[in-house]
Every structure is written in structure tokens, then in C-alpha cells.
Amino acid sequence: MRIRTIQQLIPARQVSDGAGVKIKRSLGLSQQLRLDPFLMLDCFGSDEASDYIAGFPPHPHRGFETVTYMLHGHMLHEDHMGNKGHLKSGGVQWMTAGRGIIHSEMPQQESGLMQGFQLWLNLPAAEKMKAAAYVDIAPELIPQASLANGGQVKVIAGRFQTDELTLDGAIRGLSTDPQFYDLHLLAGQQVTLQLPAAHNALLYLYEGSAELPAGLQPASIGVHHAAVLSQGDTVQIKALVDTKAILLAGKPIGEPVAQYGPFVMNTPDEIEQAIRDYQAGQLTGDQPMQAIQI
Ligand code: FE
């Protein structure tokens, strides 16, 4: 058993994106702050309408996947194929931009709490130009279970595994084998779980505080910090107070990353092509959107 420790702590910083939505960004704050295959992690959360009301008017993506996990609130996704998806509290949208998508993500509420995450997950070169696809996963379709000594887990992607529990998530079988769990732990509770040893992994706390076994870095994590974990096959998290955290892990792609805003390719030439395609109205090609089967 090799227990993962904290290799790097990334405090989330407030940035503004879309038409002025306030976001806490950890991964993706700079090009050095990525964790292959993850490109960016944004946490949004506010009960001030002015922080989110402007939303994300139509914009393009190419070459990667976006995963939106709503904790509270209601957003409407609309894309160039005329698809509409209502994303409500507890739901997930898993979107593969592939060759290209143009979509908007707009709040459907004028007051109240809007809270959730958006994760950008890279695609390997062989899949960057595949047909765009998406699936909206209703809250009741996200597997969840109580943990042995209290608290609970929701498994959005991958397979959650402890000595007592194995639970398959809503999304499985992608080439980066993403693991995406939402953990709710009680004060003092410890959870020990297995992760594929070759995956890169990250823990992001959105409520509370926790500690991991001591390594090179201080072992405690505060709220709105991302902890990049060392290699290993086991993660041991102890909640210091009632704590909510997402755990992400994925198989590294190991390819060069060229990024220009919402286009993520392997080379600068491919980025220039994406910009030319977008300007010529050719970003999305004529491939139909595909529904992802879950
Ligand atoms: Fe988007």
C-alpha cells in the first residue's frame, strides 16, 4: 500500500469569466498549474445574483471535455445543434467538445444560491477531432452511497472503492479513465479509498478542512484549496470538521498541450487552424452531436 500525500497546495483565486461570472479557479490559473489530464477546475458559489446572472453567452470549445456539476441552482445549456439541457441541483453535464461545439450556459434564476463546479478534462490527440457529444445526468442517476462510518459519497465518474464499498459512477470507460467523487464527511471521520496508482489525483475542499498523512508538504487542507496528491494507490482523508470535497483522478495523457482560451490542442498550428475554422464558421463541421450512452 502506497499512501498518497500532498505534493502541492493550490489556493483557489477569484477570477471572472464568461460575461462576468465570479469563479474560484485553482487548476488552470496558469499553464503550469495543470494536472494531466485535467486542465482547469472552477468552483462557483454565490447567493448574490450579480455574481452569476450574466452567465456564459455563446462561446466555442475544441479538443477537450467539460464537466459541469451543479450543487445548487439552475442553468440552461443550449448548443449549435439546437440541444437544450436543464442543469439543476445535483445534476451533471458531461460534454465532449471534440472537433467543436458552440454553446451557452445561462442561469435560470434571478436570486438564490448558485453553486457548483466546472472541470476541463483533456482529450488525447486521437480523440480531439471526434464528433461533439454530451449527456445530462439527472441527480437521481448519480450513484451514491453511505460510507461505513458515516458521511456519503456520490460517484460521478469512475469506480469508488474502499474495503467495504465498491460503487460504479455514472460515467465510465473513457480513455483517461476519470474518477470524480463528491465526498461528504463528518467531523473526525476518516475514509481510506483506493485509486489507480498511475492516475494523477487532486482533492478540492469546498467546505470544511481535512488532513492527509504527512508527506513533504503540510498535511492539512483548508477550504477552497486544491491539493495535488503524490503517486500511490491509496488515499486517506480525515475530516477535521464536517467537510465536503471532490476527489479527481485521471490517467495522464502525456502529450504536449497548446491552449488558446477555449481551444486545447497539441500544437500551435492546430490552434491556428481552430481559430481559422471558428472565424470561417467551420469549427463544428457538419457532424451531428451524439448522445453519450450511460
Ligand atoms: Fe462552455
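We use all heavy atoms of the structure for the numbers below, so side chains are in, but hydrogens, waters and symmetry mates are not. Both ligands and their constituent atoms are indexed starting at 1 by order of listing.
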query = Quick one: which of Leu27, Leu248, Leu119, Ile246 gives a side chain to side chain contact (heavy atoms under 4.5 Å, CB included) with Tyr204?
reply = Ile246
task = Could you please tell me which protein N, O or S atoms lie under 2.8 Å from the Fe ion (ligand 1)?
result = His59 NE2, His61 NE2, His103 NE2, Glu105 OE1
request  = Give the intermediate values and the outcome of side-chain hydrogen bond (donor to acceptor under 3.5 Å, both in side chains) for residues Gln118 and Thr66.
outcome  = CA-CA 7 Å; Gln118 188 169 88; Thr66 67; 4.5 Å; no
ask   = Judged by atom type as modelled, is there a donor-acceptor pair below 3.5 Å linking the side chain of Asp36 to the main-chain atoms of Gly254?
value = yes
message = Closer than 4.0 angstrom, basic N to acidic O: yes or no for Asp233 and Arg2?
response = no
inquiry  = Taking the side chain as everything from C-beta on, heavy atoms only, tell me whether Leu195 gets closer than 4.5 Å to Gln161.
reply    = no
inquiry  = Can you list everything that forms a ring pair (Phe, Tyr, Trp, His ring centres under 6.0 Å) with Phe44? Sequence neighbours excluded, please.
reply    = none
